[in-house]
Visitor: 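Just dropping this structure here.
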Amino acid sequence: QVQVTESGGGSVEAGGSLRLSCTASGLGFKYAAVGWFRQAPGKEREAIMCNSGFDDTTYVATSVKGRFTASRDSPKTTLFLQMNNLEPEDTAAYYCAVSHYSHCSPDMWNQEEKYRYWGHGTQVAVSS
């Protein structure tokens, strides 16, 4: 059974940092294109990042560019989302999603339907 798990959410003040983690069991996570999405209260879910396990190419949404970065550990079994200089507008549930693609690309990185396996999300709250 495929299981995607996010962790690392919490509450911080504006300007603070958090690091989210994503792991997945039962599938080829190591070389998969993995996305981070978020959904704020009352808003639609939005894509914020896609990281290619094969070549580490990353696509980043304008809303978080320069503040959020993605990285993987050496075995490539965990994808991290480092979030710096957090703003109250970053408050949301953050989801990790794994695709069957090996590379992120302009055609798929921000399309929810391109991702097959989803975690249950981890909550991030940023206070002003």
Visitor: Within a 6.0 Å radius of atom CD on Glu44, are there more than 12 heavy atoms belonging to other residues, nucleotides or ligands?
Guide: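 Check fails, neighbour count at 12 or below.
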
Visitor: With sequence neighbours excluded, tell me which residues meet ring pair (Phe, Tyr, Trp, His ring centres under 6.0 Å) with Tyr95.
Guide: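 With neighbours one apart ignored, the set is empty.
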
Visitor: Measure across Gly9 and Val124 and return the closest heavy-atom pair with its distance rounded to 0.1 Å.
Guide: CA-CG2, 4.2 Å

Visitor: Any side-chain heavy-atom pair from Tyr115 and Met108 closer than 4.5 angstrom?
Guide: yes

Visitor: Looking at Thr69 and Met49, what are the two nearest heavy atoms and their distance?
Guide: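 Residues Thr69 and Met49, closest heavy atoms: C-SD, 3.9 Å.
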
Visitor: To the nearest 0.5 angstrom, please state how far the OG atom of Ser105 sits from the NZ atom of Lys114.
Guide: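 Ser105 OG to Lys114 NZ: 8.0 Å, rounded to 0.5 Å.
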
Visitor: Could you tell me if the side chain of Glu46 sits less than 4.5 Å from the side chain of Arg38, heavy atoms only?
Guide: yes

Visitor: Is there a path of hydrophobic side-chain contacts, each under 4.5 Å between heavy atoms of I/L/V/M/F/W/Y residues, joining Leu81 to Trp109?
Guide: no

Visitor: Would you check if the side chain of Arg67 reaches a backbone N or O of Asn85 as a donor-acceptor pair within less than 3.5 Å?
Guide: yes

Visitor: About how many Å separate CG of Leu79 and SG of Cys50, when rounded to the nearest 0.5 Å?
Guide: 9.0 Å

Visitor: Applying salt bridge (Lys or Arg N to Asp or Glu O under 4.0 Å), can you list everything that pairs with Arg45, at least two apart in sequence or on another chain?
Guide: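 Only Glu112 meet the salt bridge (Lys or Arg N to Asp or Glu O under 4.0 Å) criterion with Arg45.
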
Visitor: Is it the case that the side chain of Asn110 and the backbone of Ala47 share a donor-acceptor pair, with hydrogens and angles ignored and the cut-off at 3.5 Å?
Guide: no

Visitor: With a cut-off of 3.5 Å and sequence neighbours excluded, list every side-chain donor-acceptor pair involving residues 52-64.
Guide:
from	atom 1	to	atom 2	distance (Å)
Ser52	OG	Thr57	O	3.4
Ser52	OG	Cys104	N	2.7
Asp55	OD1	Thr57	N	3.0
Asp55	OD1	Thr57	OG1	2.9
Asp55	OD2	Thr57	OG1	3.1
Asp56	OD1	Asn51	ND2	3.0
Thr58	OG1	Asn51	ND2	3.0
Thr58	OG1	Asp56	O	3.3

Visitor: Can you get from Val12 to Phe80 by hopping between Ile, Leu, Val, Met, Phe, Trp and Tyr side chains that sit under 4.5 Å apart?
Guide: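 Val12 does not cluster with Phe80.
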
Visitor: Side-chain heavy atoms nearer than 4.5 Å, only ILVMFWY residues, links allowed to pass through others: does that put Val4 and Ile48 together?
Guide: yes

Visitor: Which residue pairs pass the salt bridge (Lys or Arg N to Asp or Glu O under 4.0 Å) test with at least one member in residues 1-12, sequence neighbours excluded?
Guide: none

Visitor: Tell me which pairs pass side chain to side chain donor-acceptor pair (under 3.5 Å) where either residue lies in residues 118-128, with sequence neighbours left out.
Guide: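 Residue pairs with at least one partner in residues 118-128: there are none.
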
Visitor: Let me have the donor-acceptor pairs involving side chains of residues 16-31, under 3.5 Å, with sequence neighbours excluded, atom names and distances please.
Guide:
from	atom 1	to	atom 2	distance (Å)
Ser17	OG	Asn84	OD1	3.0

